[in-house]
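Each chain gets a letter, A, B and so on, in the order the sequences are listed, and its residues count up from 1.
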Number of protein chains: 2
Amino acid sequence: MSTSRGPGRRPGSPDTRAAILDSARGLFAERGLKGTTIRAVASEAGVDPALVHHYFGAKDDLFLAALEIKVDPRQVMAPVIAAGVEAAGENLMRVVLRVWDDPEIRLSLLAIVRGVFDREGQRMVRDGFLGIVLGPVGRGLGLDRADERMVFVASQVFGLIMLRYVLEVEPLASMPADLVISTYAPTLQGYFTDDLPS
Amino acid sequence: MSTSRGPGRRPGSPDTRAAILDSARGLFAERGLKGTTIRAVASEAGVDPALVHHYFGAKDDLFLAALEIKVDPRQVMAPVIAAGVEAAGENLMRVVLRVWDDPEIRLSLLAIVRGVFDREGQRMVRDGFLGIVLGPVGRGLGLDRADERMVFVASQVFGLIMLRYVLEVEPLASMPADLVISTYAPTLQGYFTDDLPS
DNA sequence: GTCTATAAATCGATAGAC
DNA sequence: GTCTATCGATTTATAGAC
């Protein structure tokens, strides 16, 4: 599908490159950064280990490439902010479930969550997930004590993600999305709008 | 401090052995199993790497030794069950905070949580934390749809632990225990006793 | 583009001297 | 009990042939 015939060939066959990236995403999501070897990525993709370096460079570069998400967090969260604080709990839950139930997005998100415990990824979730994703929501909704409220919200969302998608604990993992939403929406709504203890 | 003079010397000087174990617990809690090397444990303890094997055998044995907790989960949870379902939310929160705010216990618990993402430790938390710690609570309180309710409870407790003790997200990490308890107790109480969506 | 061969570093584990 | 020396296995990464 190359659109240019001129000199300077595009680096790598698209099929092989995509196969390596898919294999890497799955293994990083399942075993984390340290638990995944270049050899395992190459083996599952059916190519030579040297090709992985040829296409993606060092192991860390491959990891970063596997973390690329196909959604813009700010764009996804914008409707939640726009809809106002009165229904923020349910709206946020709908967004979370919709993003995480997308199998392709989920692999990248799982790799990110797993990466938290390997690298200095603590910052990636603390500054990324909270600062970029949930921080603007708290400010956009005009909450009082926004930092506290959003941390409470984050703790419930993160715990749900861990049990449903990472640890796959039943009956939560197999629960229909609607039931999950209607269960957790009141909790989040409480953190958004209820009076906070002093 | 040896109490026996007879033959068969006790294996290892208590000081050195304890130093290795403390170093291992801290590193396992901070970097997980794969991220911790025998050499790093020995270096931080100020001893030779060979001594680690001498005292604890293989690396997995050292990891298991570092996971030893000084509390019996069933014993800690018994009062929560005995106090009844009407105050289970607050009582459970008190237990969680008391155990996790103990610095010595926390290191072992952190090592366990970190270990989840290395080994097949998924089972250790899924069957251990849920099956042993929270499972009996749900049954002991005589809840209807106990499995669902306890998974909801677990998701909030686990998320709180992750943000407060593992990721150390502010302002939750520095929040006084009483404020944390009074914030999350109503949420847990709701999962215990509120009507569940169908 | 793909693969062989190998360099270079790291780690777990053991044997054995003191 | 403690440490030196080292083996053997893995892994990342590179150089270069085809």
Side-chain angles (χ1 to χ4, degrees), chain A residues 1-25 27-28 30-67 111 114-115 118-119, chain B residues 1-25 27-28 30-67 111 114-115 118-119:
Chain A
M1 291 289 287
S2 178
T3 55
S4 76
R5 284 204 181 176
R9 189 186 336 205
R10 298 245 303 286
S13 145
D15 295 348
T16 300
R17 187 188 162 90
I20 293 174
L21 193 56
D22 284 346
S23 167
R25 228 189 302 264
L27 286 174
F28 282 139
E30 185 182 357
R31 308 179 193 177
L33 176 62
K34 278 194 168 56
T36 300
T37 65
I38 299 281
R39 285 169 157 79
V41 172
S43 175
E44 190 173 292
V47 301
D48 191 89
L51 272 186
V52 180
H53 288 110
H54 180 67
Y55 285 129
F56 294 96
K59 188 184 180 182
D60 283 2
D61 300 328
L62 174 63
F63 184 67
L64 289 181
L67 259 45
R114 275 260 154 62
D118 291 332
R119 304 179 58 74
Chain B
M1 291 288 287
S2 179
T3 56
S4 76
R5 284 206 182 173
R9 189 187 335 210
R10 297 246 304 285
S13 146
D15 295 349
T16 300
R17 187 188 161 90
I20 293 174
L21 192 57
D22 285 346
S23 167
R25 227 190 302 264
L27 286 174
F28 283 139
E30 185 182 357
R31 309 180 193 177
L33 178 62
K34 277 193 171 56
T36 301
T37 65
I38 299 280
R39 285 170 160 81
V41 171
S43 175
E44 190 173 292
V47 301
D48 191 272
L51 271 187
V52 179
H53 287 109
H54 181 66
Y55 284 128
F56 295 95
K59 188 183 181 182
D60 283 2
D61 299 328
L62 175 63
F63 184 67
L64 290 180
L67 258 46
R114 275 257 154 63
D118 292 332
R119 305 179 59 74

Whole-Å gap separating P (C:dG1) and CG (A:Leu51)
11 Å

Please find the pair of heavy atoms, one from A:Gly32 and one from A:Arg114, that lie closest to each other, and give the distance.
N-CD, 3.9 Å

Of all heavy-atom pairs linking A:Leu67 and A:Ala111, the shortest is CD1-CB, 3.7 Å

Heavy-atom distance under 4.5 Å between the side chains of A:Leu33 and A:Asp60, does that happen here?
yes

Shorter than 3.5 Å, N or O on both sides, protein versus nucleotides 5-10 of chain C: list them out with atom names.
none

Distance-minimising heavy-atom pair for B:Phe56 and B:Ile20:
CE1-CG2, 3.6 Å

Are any of the side-chain heavy atoms of A:Val47 and A:Val41 separated by less than 4.5 Å?
no

Would you say A:Tyr55 places a side-chain N or O within less than 4.0 Å of OP1 or OP2 belonging to C:dT2?
yes

Nearest heavy-atom neighbours spanning A:Ala19 and A:Ala45
O-CB, 3.7 Å

Quick one: B:His53 NE2 to C:dA13 P, roughly how many Å, whole number?
4 Å

OP1, OP2 of C:dT2 versus side-chain N and O of A:Thr16: anything below 4.0 Å?
yes

Mind calculating the distance between CD1 (B:Ile38) and P (D:dC7) to the nearest angstrom?
20 Å

Over how many whole Å does the gap from B:Asp60 atom CG to C:dC11 atom P extend?
17 Å

Mind calculating the distance between NZ (A:Lys59) and P (D:dA13) to the nearest angstrom?
8 Å

Atom CZ of A:Phe56 to atom P of C:dT2: distance rounded to whole Å?
12 Å

